[in-house]
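Just so it is clear: chains get the letters A, B, ... in the order the sequence lines come, proteins before strands, and each one is counted from 1.
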Amino acid sequence: MPPLSTQPYKGTRDFFPADMRFREAMFAVMHRVVRKYGFDEIDAPIVEPIDIYLAKTSEEIVGQQIYAFVDRGERRVAIRPEMTPTVARMVAARFHETPKPIRWYSIPNVWRYEQPGKGRLREHWQLNCDIFGAASERLADLEILNLAVDLLKGYGATHTHFRVYVSHRGILNGVLGDELKLPQEKWPAVARIMDKKAKLKNDAYTAMLDAEGVTPAQQKELDLFLSEKIDYLKQKPQIEGASYIIEMLESVADLGLADFIEYDPSVVRGFDYYTGLVFEVFDAHPENRRSLFGGGRYNNLVGAFGKETLNAVGFGMGDVTLEVFLRTHKLLGDQPRNVDLYIALMDDALGGHALALANKLRARGLSVEVSLGAGKLGKQFQEAEKKGIARVVIVGENEAASGVYAVKTLATGEQVALKAEEI
RNA sequence: GCGGUCGUAGCUCAGCUGGUAGAGCACAGGUUUGUGGCACCUGGUGUCGCGGGUUCAAUCCCCGUCGAUCGCCCCA
């Protein structure tokens with residue numbers, strides 16, 4: 001048998017201590033910020049019946065990107081490609097007993113079978129924040145946007161680092177259907193072309209629209225829609241979602257978030273379950289102009305699990321894109337270890353004494369690493385330094401006998417004699 | 001899924017149209033045994049990503065494969 005590979009499965013990562021420290025630092029900000037908004041944390045199994053994705057997740061994800069298998073009991077199951085259907089399921093399960101509005105968050109790992117690339121892997125962790133059953137959907141949407149901005153601000157980001165683009169599901173439908181009178185089966189392709197407009201040359205763009213059978217008159221209207229942005233909506237109040245977006249932006253300005261949030265007609269989002277607000281957060285860095293995360297309103301998902309329905313809005317923020325963002329802008333870097341003391345040992349016979357001393361110090365809240373085998377003192381200093389520990393307590397015969405320990409601060413070389421209670 | 005680049009010691013990499021491999025850093029030990037970060041000495045490893053082919057001979061050439069990375073497709 002050939003030696004086994006030490007590589008993790010394609011598109012996944014091992015988290016060695018340094019990676020784990022970084023991840024935990026990212027998560028810590030998430031927990032801190034989200035809890036300030038009164039969100040409760042939840043978790044759920046990584047495997048779900050595949051049915052919960054079939055109806056409402058995008059066809060692309062279910063058809064090509066889902067990890068699915070049949071279990072020993074012939075059940076068709078899937079490894080979760082996203083958390084939202086699970087959250088909706090849990091809300092439906094405790095529908096009556098949970099006070100509304102429900103604010104829940106989670107940081108699950110989710111899996112998609114896709115081509116790994118920068119900022120894209122097969123397994124990633126995703127902060128999910130959702131609000132269910134708000135009496136005012138507008139206020140819930142506003143709070144979710146506010147939270148999304150606040151999260152990135154929690155890492156020290158400002159409006160120069162990122163921008164939130166909002167739109168409404170009804171707008172695109174209204175423009176393509178009611179204004180342009182395009183048949184519904186053309187909408188996805190046209191939306192895709194619009195989304196790519198910025199990357200395309202003008203003639204390539206028109207050529208693609210021509211190929212979809214979009215007439216010059218329709219293209220002209222489309223151009224107006226894309227270029228005049230909010231003014232276009234003001235001229236067409238009959239479009240579903242137009243007045244909603246106009247008013248939303250006013251509320252955003254009142255909240256002092258005008259620098260962070262703007263309307264962008266090309267925001268679409270892939271999930272089929274969105275029903276209203278959709279938004280996407282983009283990195284503003286010229287070399288990392290990519291979508292960081294997004295979300296929107298999905299009012300019909302909870303109803304799929306029972307008689308009762310509940311309006312909902314939320315977003316999912318992935319750790320891979322977030323890490324690229326944070327490192328690109330130098331907002332979060334490598335995290336140091338956090339151990340207070342290293343106990344150096346002069347002789348293995350003093351090991352018991354050292355372990356007991358460590359326990360005393362731990363009881364006072366300090367974190368302590370004990371040398372698990374005496375060596376040259378100099379080596380032990382080096383070991384402590386490499387482990388990122390600032391101070392060393394020396395346990396030798398004199399110390400063990402007197403209960404007064406030499407405590408050395410490595411960075412300065414200063415050394416003082418302290419009793420255990422004084423360390 | 002398609003195309004480019006890449007894969008050599010733990011890490012970063014070198015290796016001149018093919019002759020069984022090297023540097024720096026890191027690591028271990030020592031310069032004499034209760035005080036490190038400097039300096040010096042010594043030391044080791046590599047199935048040269050994996051599999052196959054061509055050749056007297058392959059790290060080098062060819063094919064395949066796995067993985068990473070960049071771009072495209074797709075998408076969040």
Side-chain angles (χ1 to χ4, degrees), chain A residues 1-14 16 18 57-66 81-84 110-122 124 126-128 165 188-189 191-193 195-196 199-200 204 208 267-274 278-283 287-288 290-296 315-322 324-325 342 344-347 350 371 374-401 405-417:
Chain A
M1 191 163 150
L4 298 168
S5 171
T6 57
Q7 288 180 332
Y9 169 70
K10 176 172 180 165
T12 65
R13 295 159 290 168
D14 291 326
F16 290 97
T57 301
S58 79
E59 194 204 318
E60 207 243 341
I61 287 179
V62 173
Q64 298 166 37
Q65 299 194 332
I66 210 163
E82 53 149 342
M83 193 61 172
T84 307
V110 298
W111 287 72
R112 289 185 197 167
Y113 192 88
E114 59 184 340
Q115 194 57 238
K118 184 171 186 180
R120 267 172 76 153
L121 297 173
R122 289 186 172 177
H124 72 286
Q126 190 184 59
L127 170 68
N128 278 256
Y165 297 101
R192 214 177 302 129
I193 296 167
D195 195 37
K196 260 184 283 191
K199 288 187 192 171
L200 293 169
M208 288 178 79
V267 171
V268 182
R269 305 285 298 167
F271 293 123
D272 295 338
Y273 47 62
Y274 287 122
V278 285
F279 68 93
E280 233 163 302
V281 183
F282 272 79
D283 194 331
E287 284 171 23
N288 190 39
R290 53 166 54 217
S291 175
L292 292 172
F293 66 97
F315 62 83
M317 180 170 81
D319 71 315
V320 181
T321 46
L322 180 64
V324 172
F325 172 77
Y342 183 90
L345 213 48
M346 291 311 304
D347 188 304
L350 298 166
S371 165
K376 298 180 83 171
L377 207 43
K379 293 289 176 197
Q380 297 192 61
F381 287 149
Q382 286 181 2
E383 186 183 331
E385 180 136 75
K386 257 179 285 184
K387 286 168 168 264
I389 303 172
R391 293 195 301 160
V392 176
V393 180
I394 299 167
V395 174
E397 276 179 40
N398 302 338
E399 287 82 357
Y405 303 92
V407 179
K408 177 159 178 150
T409 303
L410 289 175
T412 61
E414 281 178 79
Q415 190 163 315
V416 289

For A:Phe16, all residues meeting side chain to side chain contact (heavy atoms under 4.5 Å, CB included), sequence neighbours excluded: A:Asp14, A:Asp19
In this structure, how many angstroms lie between the C1' atom of B:U32 and the NZ atom of A:Lys376, rounded? 8 Å
Mind checking A:Glu399 for me? I need base, sugar-phosphate or nothing, with any heavy atom below 4.0 Å counting as a touch. base
Close side-chain approach of A:Leu322 and A:Met317, heavy atoms under 4.5 Å: yes
Looking at residues at least two apart in the chain, or sitting in another chain, which of them share a ring-ring contact (aromatic ring centres under 6.0 Å, His included) with A:Phe279? none
Please name all residues satisfying side chain to side chain contact (heavy atoms under 4.5 Å, CB included) with A:Ala191, sequence neighbours left out, ordered by chain then number. A:Leu172, A:Val268
Taking only N/O atoms, report every protein-nucleotides 67-69 of chain B pair under 3.5 Å with atom names and distance.
residue: B:G67; atom: O2'; partner: A:Gln7; partner atom: NE2; Å: 3.3
residue: B:A68; atom: OP1; partner: A:Gly11; partner atom: N; Å: 3.2

Rounded distance in Å - NZ (A:Lys386) to P (B:G10): 17 Å
Do A:Ser291 and A:Glu280 pair up side chain to side chain, a donor and an acceptor below 3.5 Å, judged on atom types alone? yes
Whether the side chain of A:Arg120 and the base of B:C75 hold a donor-acceptor pair under 3.5 Å is what I'd like checked. yes
Separation between the P atoms of B:A23 and B:U45, rounded to whole Å: 12 Å
Base, sugar-phosphate, or nothing for A:Gln380, non-hydrogen atoms under 4.0 angstrom? nothing
Rounded to the nearest angstrom, tell me the gap between atom CD in A:Gln65 and atom C1' in B:C75. 6 Å
All side-chain hydrogen bond (donor to acceptor under 3.5 Å, both in side chains) counterparts of A:Glu399, not counting sequence neighbours: none
Parallel, tilted or perpendicular for A:Phe293 and A:Phe315, by the 30°/60° rule? tilted
Tell me, please, which residues at least two apart from A:Lys10 pass side-chain hydrogen bond (donor to acceptor under 3.5 Å, both in side chains). none
For nucleotides 36-44 of chain B, 5' to 3', base contacts (B), sugar-phosphate-only contacts (S) and non-contacts (-) with protein non-hydrogen atoms under 4.0 Å give BB-------
Which is true for A:Gln415 with a 4.0 Å heavy-atom rule: it touches a base, it touches only sugar-phosphate, or it touches nothing? base
Could you walk me through whether A:His124 and A:Trp111 satisfy the side-chain contact (heavy atoms from CB on, under 4.5 Å) test, starting with their C-alpha distance in whole Å, then the side-chain angles of each, then the deciding distance to 0.1 Å, before giving a yes or no? CA-CA 7 Å; A:His124 72 286; A:Trp111 287 72; over 6 Å; no
Who are the side-chain hydrogen bond (donor to acceptor under 3.5 Å, both in side chains) partners of A:Arg120, not counting sequence neighbours? A:Glu114
Would you say the side chain of A:Ile66 lies within less than 4.5 Å of the side chain of A:Pro81, judging by non-hydrogen atoms? yes
Output one line per pair: protein atom, nucleotide atom from nucleotides 3-6 of chain B, and distance, for all N/O pairs under 3.5 Å.
none

How does RNA chain B look in dot-bracket notation if pairs are Watson-Crick or G-U with both distances under 3.5 Å, crossing ones as [ ], other-strand ones as |? (((((((..((((........)))).(((((.......))))).....(((((.......))))))))))))....
Report all side-chain donor-acceptor pairs from residues 377-394 of chain A shorter than 3.5 Å, counting only partners two or more places apart or in another chain.
residue: A:Gln380; atom: OE1; partner: A:Leu345; partner atom: N; Å: 2.9
residue: A:Gln380; atom: OE1; partner: A:Ser371; partner atom: OG; Å: 3.1
residue: A:Gln380; atom: NE2; partner: A:Leu345; partner atom: O; Å: 2.7
residue: A:Gln380; atom: NE2; partner: A:Gly375; partner atom: O; Å: 3.2
residue: A:Glu383; atom: OE1; partner: A:Tyr342; partner atom: OH; Å: 3.3
residue: A:Glu383; atom: OE2; partner: A:Tyr342; partner atom: OH; Å: 3.2
residue: A:Lys387; atom: NZ; partner: A:Glu369; partner atom: OE1; Å: 2.8

For A:Arg13, what residues pass the side-chain hydrogen bond (donor to acceptor under 3.5 Å, both in side chains) criterion, not counting sequence neighbours? A:Asp319
